[in-house]
Every structure is written in structure tokens, then in C-alpha cells.
Undergrad: 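Here's a structure for you.
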Amino acid sequence: MSQDDDAARDSAPDLQILGNQITLQPRSYVETRKPGDQEEEEALMQNMARFRSEPLRFLREVSLYVSGTGWRAYDNFIGRPIFYSGFTEQMRNSVIAAPLLRDRIAQLANKRLEIEEAEGWLRKDDKHYGIKRAHRRAVIESGIRDLAEKMADDMICKFESKLFIRGATYLAIQLLTRAYHQGIHVSSEEVLRLRRVAEEAEKKRQSIIFLPSHRSHVDYVSLQLICYRLGLALPVVVAGDNLNFPLVGSFLQHGGAMWIRRSFGNDTLYTTLVQAYIDTMLQGGYNFECFIEGGRSRTGKLLPPKFGILGFVLDSILSGRVNDAIVCPVSTQYDKVIETEGYVTELLGVPKKKENLADFLSGGSSVLSLKLGRVDVRFHEPWSLRKYIDEQLTKLNKPLGTDDLTLKTPENAVLRQKLLRTMGYKVLSDINNVSVVMPTALIGTVLLTLRGRGVGMSELLRRIEWLIERVRAKGGRVAHFGNAPLVDVVSRGLEVLGRDLVGEIQGLAEPTFYAVDRFQLSFYRNMTIHLFISEALVSASMYTKVKQGGGPAHQEIPYADLREQILFLSSLFRGEFIFPSEGLEVNLEKTLIALEDDRVITLQRDEKGIIHSIGLSEEERLAGRENYDFYCFLIWPFIEASWLAATSLLGLTPPIDQKDEIWTKVAQAQDTAQLLGKTLYHQGDLSYFEAVNRETLKNSYQRFEEEGIIFTIKPKEAKSQPRMCLSPEWRAPRDPNTGALVASGKLWDFIERIASSRREGKNRRDGATVSTRVLRLADSLGAQLFEKAAAPESKVDARLSDEEAIKLKKAMRAEKRRRKLEGRAHL
């Protein structure tokens, strides 16, 4: 083999690692796939040698990393130089010298001088006033600069040592491939394309901004390992400072972490420092990574985009401080996520435990014994951020350069928010488009969308086979397992999920499986829901008629009624799901025709071919409504959660004898909603226990705030808790004699509208007493909430200050103006 071949092997982007055997394809090779062929996948990393079983091989692998043999040397990577002594100091000096930060320091110094002059510390009638003021200004600026340097040193990534990153990579591969024993898998075509983009970006001195989905702490480890193995410059990873605890924090910072506070509050110096650091990285062409969802998804599906870091990146481009950057959305999927058990306890209301070294070490050691399957990482085609912004501004008749978009005007604020929203949801859509559906997600989805206690292996395989066909028909991807029979793939998936999630009943005519922990299993079901959200909304809207029973004709729903309910549910779940971008009319027509082609529904048309009513098909009825029910089962838990959140608002109607406006803590109101949900579930008035999950309730409250159903005041201090109250026009009426809530009014009608698509059946008691029980419970819990808020020992003021009242009025006017300018549908 020639030296050229050896060099190609050491830097090959398209590879498979099985121990020390590396299989590769030529650098520019992309296989032309025939229609129906599976996308080429490669196992990027698999198990490494262990000292106990293979000591000689283990020592050889360690020596390869220490000596930097082949690709392990990480010498000829694509991108800006990193991992050299002095990198941190150079980066810190560049950030501190940024004009944006210098101007902010001068501005803060001037404000401090004005205060000192007003307090008499500097007197203008002093003959040495000019000299003293200049001296004092220099002292203040020096102090602020020292503070900025300290904050910058705590924040910035420290790519200092090549030897360190080799050792850290070896350690990370050891840990990761032991837990995920089937390795990290990538698409050959995607990583080849990514390398070509990286080579072009290096020439132009442009950064690649990786925007991955976020379900686990493993996300950033796996992406760093992939970049290392493919010979790409490691990105600087935005990380919350909750992970910056002793030893681990420093280790991660030297491996790529950029520490930022969870909340900036009103700290303008810190905010400017973050902007200056991001500007410096993007100007220098350093790769960058942040999670578009902010935190990890505890529910399995993508969370709404968070615009904090994305806003800084957008401002870098709009201001002209950065010319362009390349955006690369990334999807990371798992057979099993390490943290799901912890997620369930958090979603049920148990406070998140603060990260610490002891838990990190004990958690790391326990992970080594797990068998969690594999990790699949997919890269969407990268795109130019500048080009995207130009296209969006042109659509809005605001070409870049015609106006100063950095000026703080109401119009620019709305425009910026539109750009951030469209960009955020585009990234989420791109992530969904390249996501791979894992076997565990297929199993979880089928088990939670079947009626009955359990399912036999033959029926489980049949429904999974149907689901795979539907995923592919919707343009989705299913994890590829070569020529392995489906029964082997499913058996392996059941093994990975484990008996704590999926149980097997022994001694029956065939293996029979059932969901043991439906709450935790819903995490895996939610990994598929984005593919079928349109069908689920149509099915849930049809259910308003189907649930009434009767013959087929009686269960048909007029097109206008269906459209109206879909519009309502779509608006209700705006912050929960990512909808197709074609618009309601186009998407509805496509979905109805697709469901008709699949023989799930029948469409009644007039002589002009216009749809006037929709009903279940005869074939679907004969099949026991299994496909129709599948779509309903996907969306019902979310409908139930929204119903619960809206019902909990009834308790926020002030008591009849309460004179003053009482504001309650948002967190306490959400805790009360959870308690209400748990009570209703165990009393039979709630079908799905997962409806009490905190994340979905929080999203519902956020949606209600956007619609003006509730008002929220956010404090200036980062550590203080936001407060809320129910809008007067949405408050439920009370009986003037008893003071009890009455089942009528705007809020009750809203709750009933949601309830019209709720699941009916044996898991939930229905009857005339339901509304009485629900109202009584909501009112009782609400009274306790008001009592807590008004108690003298309450640390949060239950009433608004004059300043807060003015702020609220301004916020309400701004929100109304924003909604008017956006022109979107409302509840």
C-alpha cells in the first residue's frame, strides 16, 4: 500500500471503525442510490479494547492516542488553528478589545460618573473638576475592564493542549462506546458533504454553526467525537454554567465548553461580553455549537426554539460585524437515552437536582455496565445564514442595508422576532427532516397506540411493519440494520428498552408484551409524532363527531366544522409541535387526500369535486379503526394536558369576597395544575397520567400568556420568580349566594372546546357529575394558591407595584401590536 493510501486512511471522512479495522470509501465518493435503496450508513465508532479482557490490545490503543498515530494526532484538521499554547489568552484579548465591549464599558463608566456627580462625590465648581473626573473615569473603566476580563476568563473555551484533547477523546470514546455498545452511526453521504462544506468555509474564514437537537448530555460528546474523527475543527459548545462544577467544569472547558449563565437578568456588561465573544468567534471562522431548544427535551420530541444565543448570532450578521456563517442542523437519535428515568421524576414535579462531582462519578461508573444500543447522528445540508436572512428580508420588503436594523424601534423588534422565529422553526424542521426513527421509537409508538392490555409478537411485528411503511411514505427515515430480519431488530429493541419499560408475560400461547412504564415509554413514542401531526389533528378533529356514535352518516363531519376545529387545535399547539410550512388549506387538503388513499377516511364531494364532508371508510371500520385510532392515540395525551392546564385556570378566578388583585407565583400555579391532574387521574377523570407532565403544562401556560388569557410579570432580578394572574375577561362566574364557580363563561367554553376532541372510554368516568367535581377541585386548590400568595411569610409580593403595573400595560400594548403585525390565528 502506498503512502498516499495510508494518508487517505488516516484522514478519511467516510469510515467504519471496528476495533482497529477501518473501512473507508474514497474522499469524493458518493454512491448513487437506486430508488428504494437504503441510505448508506457507517458505524463511526464501536467498542474499544478493555484491559481485563484484552490487555495488550488495550495498551496498544492507548499508545496510539498518546503518540498521536494517524487520525488520532488531530494535526491536519479542517478549520482555524486550535489547541495550541496561548490560544485562551489570544481569544480573551480579542474579546476585551472588541469595539462593542469597549463602548459598553465607556457607557457604564459614564453612568457611574453621573450618579457620583448627582450624589456630590464630584463637584463641578471644584477647580480640579476636569482632572478629578478624568482620573475617576479611568479608575471606573479599569475596574469594569478587570471585571469583564474575569467574566471572559470564566466563560471562554480553552483550546490549549493537543495532548489533552487526545486523552480526552480516548476517555470519551471508552465511556460512550461501552454504554452505547453498537457505536455511533452516521450517513456516509452527509459526512462527505460536511467535509466539503468545511473545506470551503475554511477558505472563506467562515464558521460552521452546528445546531443539534438536545435529548441527552451525550449529544455534545458525540458531536465532538465525530468532528475529531472526521478531521474537522472542534466547535465551541455553548453550555449552561450549572455543569461548571469542580474538576468536571475545567475538563469540559478545555474540551470545548463555553460557560454562560442560565439567565442574564439586566446585566448589560455580561450580555455585551457574550455578544463580543460570539462576534470574535464568527469573525475568526471558529466553529460554534449551540442547542436550538435551549435545554434537553424531557418529552422525546423537539422543544420550541429558544432565541437567546440565536439572537446574538443574528445580531452579528444584521450589524455587519460578521459577514456570513454556515448553519448545519444536526439530529441525534438514541436507541435509549440514559437520562429518561430522571426526566420522568422531573416531569412529575420533583425539583431537578443540582449537578455535582459525586453524582457525575457515580453516574459515569454505572453507565459503563449499560447496553443502550447505538447513537445515530444525521447532518442536514448546511446553508448560508447571510443568504437566508437576505431572502427573508426581501420577502418582508426590508433588504439588508436599506435600514439600520440594529436600532431599537418597535418595528425592528417585530422584524427581528419574525426573523428569529422563522429561522428557529426552519432549523427544527431541518432536524426533523433528517432524523432517523430508531427501533425503540417504533416499539414505543406501537405499544402506546394500541387498545388493550398487551400485544403478541406477531401483532407487534405487523403493526411495526405498517408503521415503517408510513414513516417512509411521509419522507421519514428508519434506522438501517442491513439484512437483519425485522423480528431480530424488534427483539434487540425490546432488550435495549428493558423489562422496566416493556414487560413480557410468560406461559401464554405466544410471547405477549405490554407497557410497564407508559410515562417513560412516551419519550420514545414522541420521537415519531412530528411525522404524523397533520393526520393526528385531522383524526382528533373528526373525533368530535365519531365519539357521538351512531351510524356512518351520523359520524360524518362537515368540512367547515373540521377545518374550524383543526385551526383551533393547531393554534392551541403552536408552541408544542412543528407544522408543515405550506399553510392550513394546502396542508389540510394534502392530508385528507393521503388519508383517503390509505383508506382511512372517505371524502364526500359535490358535483364540482369540492369536499363537503368527511367520514371513516368502510375498510377502516371493518379493521376496528386501528389506523384511525393510531393517529388519535398520538395526540390525545397532549389534548388531555392542554385541557388540564386550561381547567386549572378556573381556580385562578378570585374568591367572591376578594377585593384586591392577587398575583400568584407561576411555578406554584403549575404545581397546583399538576396536583389537580394527579387527583383527576386517580379519580378517573383524566385518561393519561402523562398529561400531568410539567413540560407540556408549562408550554400550555406559555401559550395562554401569548393569547392574553393570563398575564405574567417577570421580575428584574434573575433569582426572583415570575408571577401571574388570570385576565378579568377570562374569569369564570361565581354563584352570588354560595361563591362557587359556575360551569359557564368564556373560559369554560374554551375548556369544552378542547374537551370535544378528548378521548372518551373506559379509562375515564363520564357523566353529569364530572363538571361539578372538576370545578370543586379546581376552586379548592385555587383558594389554597391565593392563601399562599397573600400570606405575610410569602417572599413574593402578591400585589403589583406602580412600576410593575406600568410595565404590564406597556407589555400588553406591545403584545397586541405584535399579534396584529404578525397576523396569525388566535384561540
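Numbering of residues begins at 1 and proceeds along the displayed sequence.
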Undergrad: Is Thr440 reaching over with its side chain to a backbone N or O of Asp335, donor-acceptor style, under 3.5 angstrom?
TA: yes

Undergrad: Charged N to carboxylate O under 4.0 angstrom, Arg462 versus Glu459?
TA: yes

Undergrad: What salt bridge (charged side-chain N to carboxylate O under 4.0 Å, His left out) pairs are there with at least one residue in residues 603-621, not counting sequence neighbours?
TA: Glu596-Arg605

Undergrad: Could you tell me whether Lys474 atom NZ has more than 12 heavy atoms of other residues or ligands within 6.0 Å of it?
TA: yes

Undergrad: Checking Thr340 side chain against Gln520 main chain: does a donor-acceptor pair fall under 3.5 Å?
TA: no

Undergrad: Please determine whether a side-chain nitrogen of the Lys or Arg among Asp430 and Lys426 lies less than 4.0 Å from a carboxylate oxygen of the Asp or Glu.
TA: yes

Undergrad: Is the number of heavy atoms from other residues, nucleotides or ligands under 6.0 Å of Lys698 NZ greater than 12?
TA: no

Undergrad: If we ignore hydrogens and angles and just use 3.5 Å, is the side chain of Thr653 paired with the main-chain N or O of Ala732 as donor and acceptor?
TA: yes

Undergrad: Over all heavy atoms of both residues, which pair between Gln674 and Val692 is shortest? Give the atoms and the distance, please.
TA: NE2-O, 2.7 Å

Undergrad: Would you check if the distance from the ring center of Trp636 to the ring center of Tyr543 is below 6.0 Å?
TA: yes

Undergrad: Side chains of Leu747 and Arg731: closer than 4.5 Å at any heavy-atom pair?
TA: no

Undergrad: Has the side chain of Arg703 got a donor or acceptor atom that lies under 3.5 Å from a matching backbone atom of Ser571?
TA: yes

Undergrad: Work out which heavy atom in Ala441 is nearest to a heavy atom in Met527; give both atom names and the distance.
TA: CB-CB, 4.1 Å

Undergrad: Can you name the one residue among Ser757, Ser570, Ser541 that meets side chain to side chain donor-acceptor pair (under 3.5 Å) with Gln565?
TA: Ser757

Undergrad: Under the salt bridge (Lys or Arg N to Asp or Glu O under 4.0 Å) rule, what do Lys547 and Glu760 come out as? Steps first, then yes or no, please.
TA: CA-CA 7 Å; Lys547 73 194 297 186; Glu760 300 277 0; 3.4 Å; yes

Undergrad: Could you name each residue pair satisfying ring pair (Phe, Tyr, Trp, His ring centres under 6.0 Å) that touches residues 574-601, not counting sequence neighbours?
TA: Phe573-Phe577, Phe577-Phe638

Undergrad: Report yes or no: is the cationic atom of Arg470 (NZ for Lys, CZ for Arg) closer than 6.0 Å to the six-membered ring centre of Phe532, at no more than 45° off its axis?
TA: no

Undergrad: If only atom types and distance count, is the side chain of Gln555 paired as donor or acceptor with the main-chain N or O of Gln548 below 3.5 Å?
TA: no

Undergrad: Check whether Ser539 reaches the backbone of Ala536 with its side chain - one donor and one acceptor, N or O, closer than 3.5 Å.
TA: no

Undergrad: Looking at every heavy atom in both Met438 and Asp376, which two are closest together, and how far apart are they?
TA: CE-OD1, 3.3 Å

Undergrad: Is the backbone N or O of Arg215 less than 3.5 Å from a side-chain atom of Tyr343, with the two atoms forming a donor-acceptor pair by type?
TA: yes

Undergrad: Return the set of residues passing ring-ring contact (aromatic ring centres under 6.0 Å, His included) with Tyr388 (not counting sequence neighbours), or none when no residue passes.
TA: Trp383

Undergrad: Would you find a donor on one side and an acceptor on the other, under 3.5 Å apart, between the side chain of Asn693 and the backbone of Glu690?
TA: yes

Undergrad: To the nearest 0.5 Å, how far apart are OG1 in Thr591 and CG in Leu584?
TA: 9.5 Å

Undergrad: Using distance alone, with no hydrogens and no angle criterion, decide if Glu695 and Thr299 have a side-chain donor and acceptor under 3.5 Å apart.
TA: no

Undergrad: Any side-chain to backbone donor/acceptor pair from Glu293 onto His214? Under 3.5 Å, distance only.
TA: yes

Undergrad: Are side-chain N/O atoms of Asn699 and Arg574 paired as donor and acceptor at under 3.5 Å?
TA: no

Undergrad: Is the count of non-hydrogen atoms from other residues, nucleotides or ligands lying under 6.0 Å from Glu589 atom CD greater than 12?
TA: no

Undergrad: Would you compute the distance between atom CD1 of Ile639 and atom OG of Ser687 and round it to the nearest 0.5 angstrom?
TA: 11.0 Å

Undergrad: Any side-chain heavy-atom pair from Leu393 and Leu419 closer than 4.5 angstrom?
TA: yes

Undergrad: Do the rings of Tyr688 and Phe633 sit parallel, tilted or perpendicular, given the 30° and 60° boundaries?
TA: perpendicular

Undergrad: Inspect the contact between Lys746 and Glu729 and indicate whether a charged nitrogen and a carboxylate oxygen are less than 4.0 angstrom apart.
TA: yes

Undergrad: After noting the C-alpha distance and the side-chain angles of Arg451 and Glu626, does the key distance pass the salt bridge (Lys or Arg N to Asp or Glu O under 4.0 Å) rule?
TA: CA-CA 9 Å; Arg451 295 186 184 273; Glu626 64 176 1; over 6 Å; no

Undergrad: Using atom types as modelled and distance alone, determine if a side-chain donor or acceptor of Asp598 lies under 3.5 Å from a backbone N or O of Val600.
TA: no

Undergrad: I'd like to know if the side chain of Thr445 pairs up with that of Arg463 as donor and acceptor (distance under 3.5 Å, no hydrogens or angles considered).
TA: no

Undergrad: Would Leu347 and Phe523 count as a side-chain contact (heavy atoms from CB on, under 4.5 Å) if you check the C-alpha gap in whole Å, the side-chain angles of each, and the deciding distance to 0.1 Å?
TA: CA-CA 11 Å; Leu347 292 174; Phe523 184 93; over 6 Å; no

